[in-house]
Amino acid sequence: MSIKSTIATATAGAARWGLRSVLHRSGGALPGKLGLAIDPELVTHLACLLDASVVITGTNGKTTTTNLIADAVAASGASCVCNRAGNNMETGITGALLEANSDRRRTAGKRRVGVFECDELYTVRILPRLKPTYFVLLNLFRDQLDRYGEIDHTQDVIAQALALSPTTTLIFNADDPLCASIAARVPNPQLPFGIDGAVGTETSHIAESRFCGQCNGPLEYDYIQYGQLGAYHCPSCGWERPRLASFANDVRLSRTGYTFDVSMSREGAHDAARLSTKYNGLYMVYNITAAWTAASALGALDDAPSRFQNVLDTYVPTGGRMTRWHVGGREVATDLAKNPVGFDRQIQQIKTAQGRLMAFFLNDAEADGRDVSWIWDVDFERLSATPGIRAFVGGTRAHDLQVRLKYAGIDARIVGQVGEALASVAGEPADETLHVVANYTAFPPVVKELERMAKDGAAANGDTTAVNDASTAVDGTAEHVPTSMVNSADEAALSNAAGTPEAGASAPAALDRPLRIVHLYPDALNLYGDGGNAIVLARRCAWRGIPVRVDDVRMGDELDLSTADVVLIGGGADRDQLAVVNELRSQRDKLASYIEQDGVMLAICGSYQLLGRSYYMDDTRVEGLGVIGAETVRGEGRLTGNVAVASDLFPHKLVGFENHGGRTKLDADETPLGAAVVAGTGNNGDDGFEGCVHRNLIGTYLHGPALSKNPDLADWLLARALERRAHAGDAKAAALVPLAALDDAYEHAANEAAIKLLG
């Protein structure tokens, strides 16, 4: 090593000794931070300690997969160097290498294998320096969009990292087209893994992107496991899921979890094993397949591939994940979920366990991502028909969760801590489990409180306080998940949720035909929870007894606006938005005619931009539809954060979250939606305007979704739609205006809470 790296390792070693011996702390990432401050290339210098290494990244499952691989490596007799605590940025990985450096004498003569969890955006810093033997790419889902940006950006970063480490073998989830498209861009040796054949135990309406990574055409699926994972092909260019080198098949779900075969062929060798896991999420089958593949590739299973079963049997999740606690005579099941797909998997487990007691905690700290609009992509609706459901919400964004659950047909109570939820269900049967799900920074306080309560209970009763979560499904059959949460809602549950018309409101007259809400391209423009706007409008109609119908218009569908009453269109990733632009160009006259005939429309973010004359995608100017007088130009950096604006149309401030790179300038004859930005940046950060009102069209950068905490805006759209019907001679529509009042206490509380967060 160089003199600089020697000084760096010595300084870091002294810091680690002081933290442990004097302050009695684990050390965390501080030694790595100090070492890198002295020698930014320290990882390169320490990489020579390792005989082999693997780096694991992906949106979900990094920690589990990393620890499974590390356990397999350790069980093989090798010395494992691993950042098990989950410090997955450069400082944490450096700290693990520094630890290995200090243990060189103790581990002399042993094979040293590095197993490192890595944050997606830090792969471009780690791979070129570490040059790992293998790189495991698990999946890519929406996560912390305000930090990571759109998934396209994450893909670019990972592809660049691999290109800078060309000898690293890429082990990637071929069932995920977003991972497969990265593999198609890089020259690295590759081991695609996945699940061979439809499992049929889970599915989901969530899909990050179902567009071809080569030609951007819509993908077709032979089957979908969940999210965008499955067997796909592009009918336009022929791109398809890569042939699997390693795979799970014969996947069976029972009351005791999943059992399945794993098999891998490489370099003339063939490894196979029959595995079982007591953890019942299909995501665990993917994690285990990835871990088994990497462990086999590293040689950790050379003498006995089936030995991996011992690793699974003894695996203990970290930090309270997938854990069951016994507190006050009740079982509490805890797990972490930090994005829509992860949360949806937990909803699936609660549903299959027939759980009716549940608590959800949501924070919006920097580590969580400030934008929590993704909760509207979680299928809470599938829980709404649960008999006797008791739901609680907490965290810094408890009000947002309360509103989300309200529109799912669930009346949830806000609690400060998990102990409050436990106390509230004390009268429920003792054999019923309280299911607790929390996101990243909300989860540790939940675990800490349960540890304290369980310890106090154990001291008094001598009971076991925490065990591995062996929760299982009720049976192995698939449960149908509706493609549209709006159209699948249980109306009985809806009628019991908060939000029904005020007492004494006159019963509305039945319309000759339902109010028709047309949701444009939810399969492409689905990035920021904007589908929640359709949910909000449909529920607010249902609560008033107004018949309503939501029609999803997907890519390739015929666009019929002749009977449309409200048109909704959301925001999406650049690639997906470009596909929509190309689709809409042929429909431009229909859309322009609808708008100029006072058709009601809500356009969010990217779709707001494309309704103008032009906008930019990176450095490329894209022609818009030109139906409003607006131009969107490039700017330095993205405009991201919570926003509040005052509007002349409404008594309450409009709140939401913005995340856009373009700067929109309105023509002088266009009217802004918000005339004064109270906090945030709005259209461009210069003129104080936000959004646009063009006849009955509203364009806005507000995510959240826009209507969930702004009920006045939602009702403005519905009222304009009914008035338009009335002007066309529909007397029954005229009788519905003004709209019957609803109890919007939850929505207004969430609105006020959002404004308080802005200071």
So E752 and K709, salt bridge (charged side-chain N to carboxylate O under 4.0 Å, His left out) or not? Walk me through it.
CA-CA 9 Å; E752 292 168 7; K709 296 189 289 289; over 6 Å; no
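Partners of N683 under the side chain to side chain donor-acceptor pair (under 3.5 Å) rule, at least two apart in sequence or in another chain, are Y608. Listed by chain and residue number, R241 satisfy the salt bridge (Lys or Arg N to Asp or Glu O under 4.0 Å) test with D175 (two or more places apart in sequence, or in another chain). Under the rule for a side chain to side chain contact (heavy atoms under 4.5 Å, CB included), the partners of Y616 that lie at least two apart in sequence or sit in another chain are R621, R634. The salt bridge (Lys or Arg N to Asp or Glu O under 4.0 Å) search around R185 returns D156, not counting sequence neighbours. With sequence neighbours excluded, the residues forming a side chain to side chain contact (heavy atoms under 4.5 Å, CB included) with A183 are L170, F172, Q190, listed by chain and number. Looking at residues two or more places apart in sequence or on another chain, you find no salt bridge (Lys or Arg N to Asp or Glu O under 4.0 Å) involving D712.
Proximity of the aromatic rings of Y701 and H660 is defined here by a centroid distance below 6.0 angstrom, and this criterion is met.
Taking the six-membered ring where tryptophan is involved, the planes of F380 and F360 are perpendicular, since the angle between them exceeds 60° and thus also 30°.
Using modelled atom types and a 3.5 Å distance limit, the side chains of T334 and T323 yield no donor-acceptor pair. A side-chain donor-acceptor contact under 3.5 Å links H703 and D530. Residues T441 and N363 bring a donor and an acceptor atom of their side chains to less than 3.5 Å of each other.
Checked against E117 for a side-chain hydrogen bond (donor to acceptor under 3.5 Å, both in side chains), the options N83, N87, T63 give a single hit: T63.
One finds a salt bridge joining E747 and R540 here, because a Lys/Arg side-chain nitrogen approaches an Asp/Glu carboxylate oxygen to under 4.0 Å. For the pair R663 and E636, the salt-bridge criterion is not met [side-chain N within less than 4.0 Å of a carboxylate O].
Note that CG of N139 is 7.5 Å distant from CG of N287, once rounded to the nearest 0.5 Å.
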